[in-house]
Protein chains: 2
Amino acid sequence: MAGKTDIAPDVSINACAYRRVLEIISSKWIVLVMHVLEDGCKWYGEIARRIEGVSQKMLTQTLRQLERDGLVSRRGHPTIPPAVDYALTPLGESLMEVVRGFRDWTRVYYPQVERAREEYDRRMEAGAL
Amino acid sequence: MAGKTDIAPDVSINACAYRRVLEIISSKWIVLVMHVLEDGCKWYGEIARRIEGVSQKMLTQTLRQLERDGLVSRRGHPTIPPAVDYALTPLGESLMEVVRGFRDWTRVYYPQVERAREEYDRRMEAGAL
DNA sequence: CGGTATCCGAACGGATACTG
DNA sequence: CAGTATCCGTTCGGATACCG
C-alpha cells in the first residue's frame, strides 16, 4: 500500500466525457431506434417492424432508456387497445447529428476496415502454421 | 409461413452503416484506448496505467481488435524484456475525429441528460406509490 | 514486460407466458 | 397493442496462473 509508487492513472479518463457517451450509445439498439425515429414520430409497432431482429424485451428496454435520458418522448393514448408513439426530443435530435457523423465515416471508411481485417486474418492464419 | 403477410422489415437497418460502426465503437474500452493514443505512440504499460479499471485481458483484447480493424498499429521490439508500442493509424485518426464529436456533444449536453434522468426517476418513484 | 489460457461469476439478451 | 415477469442459454469480463 504505502510502498506503492503513486503513479496516478489518468483519472480524467475514468470520469471523462467518453465514459458518459458510451453509457448511452454503446447499447446495440439505441442508435438503430434513433435512426428509425429520425424522420418523425412512430408507433411502437412500427418501430418494432422496422428493426429486424429486435425482441420486444430489448425494444421496450431501449425505449425506456432513451426516454429516461430525455432523448425520446413517449405519448400513450388511452384507447382500446392502447397505442403509444415515440419521437425524438430536441436533445435527441442534437445527438442524432453526431451519430450521423459515425454513419458517414462508416460509409467512407468501412471498406478499409474490412480489408484490414482480411489482411490481419490472413497473416494470423499464416503465422499459426 | 405462406400465410404471413409480407410486411418486410426495414432491412436496410440490418445491413446499414450503423450496425457496422457499432461493432467497432460499442466496446467499452475501444474509445478510451483511442483517446490515450490520441497524442502519439504509447507503450503497452503506459496505456494500461492511464486507463483506470482496465484488466490486462480486456486491454490486450481491445488492442487486438483495434489492430485487426486497421485503427492502430503495433510494433514489437525484440529486446529483453520485450517492449511493444501502439499508435493510431491514419484510419484511426480519421475515426478519432468523429469520436471527438461525441465527446463534445457530451460536454455540452450531458447535464441535460442527467437532469432528465433525475426527473424520470422521481416520476417513477412517485408513480410506484 | 507483454502476453496467453483457464476458470468462473455476472450481466446480456432471446423465448415464452401472462396482464391491462 | 404495449407492455411485464420468468426462465435460461450465451457472452462478457475479472482473477489467477503460467509462458517467451
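The chains referred to below are lettered A, B, ... by the order of the sequence lines, with proteins before strands, and numbering in each begins at 1.
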Between B:T89 (side chain) and B:G70 (backbone), is there a donor-acceptor pair under 3.5 Å?
->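 Present.
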Quick one: which of A:D85, A:V84, A:L66 gives a side-chain contact (heavy atoms from CB on, under 4.5 Å) with A:R74?
->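 That would be A:V84.
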Between C:dG2 (P) and B:E46 (CD): distance, integer Å |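 In whole Å, C:dG2 P and B:E46 CD are 10 Å from each other.
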Heavy-atom pair with the smallest gap, counting every atom of [X] and [Y]:
| X | Y | value |
| --- | --- | --- |
| A:L91 | A:D69 | CD2-O, 3.8 Å |
| A:V54 | A:I51 | CG1-O, 3.3 Å |
| A:L63 | A:V72 | O-CG2, 4.1 Å |
| B:R50 | B:K42 | NH2-CE, 3.7 Å |

How about B:Y110: does its OH atom have over 12 heavy atoms from other parts shown lying under 6.0 Å from it?
->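 Count over threshold, so yes.
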Run the salt-bridge test on B:R123 and B:E119 with the 4.0 Å N-O cut-off and return the result as yes or no.
->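 Salt bridge: yes.
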Contact boundaries on DNA chain D for chain B, cut-off under 4.0 Å to non-hydrogen atoms =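 First-to-last contact on DNA chain D, by the 4.0 Å heavy-atom rule, is D:dG13 to D:dG20.
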Selection: residues 64-77 of chain A, any non-hydrogen atom under 4.0 Å of DNA chain D |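 Per residue number, the list reads A:R64, A:R74.
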Between the protein and nucleotides 10-13 of chain C, which nitrogen or oxygen pairs come in under 3.5 angstrom?
residue, atom, partner, partner atom, Å
C:dG13, N7, A:K57, NZ, 3.2

Linking I/L/V/M/F/W/Y whenever their side-chain heavy atoms sit closer than 4.5 Å, directly or via other members, would A:V108 and B:V98 fall into one cluster?
->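 Same cluster.
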Short side-chain donor-acceptor distance under 3.5 Å, B:Y18 and A:T106 |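 No, because no side-chain N or O of A:T106 sits under 3.5 Å from a partner of the opposite role on B:Y18.
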Would you kindly check whether a donor in the side chain of A:Q56 faces an acceptor in the base of C:dG14, or vice versa, at under 3.5 angstrom?
->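 By the distance-only test, no, there is no pair.
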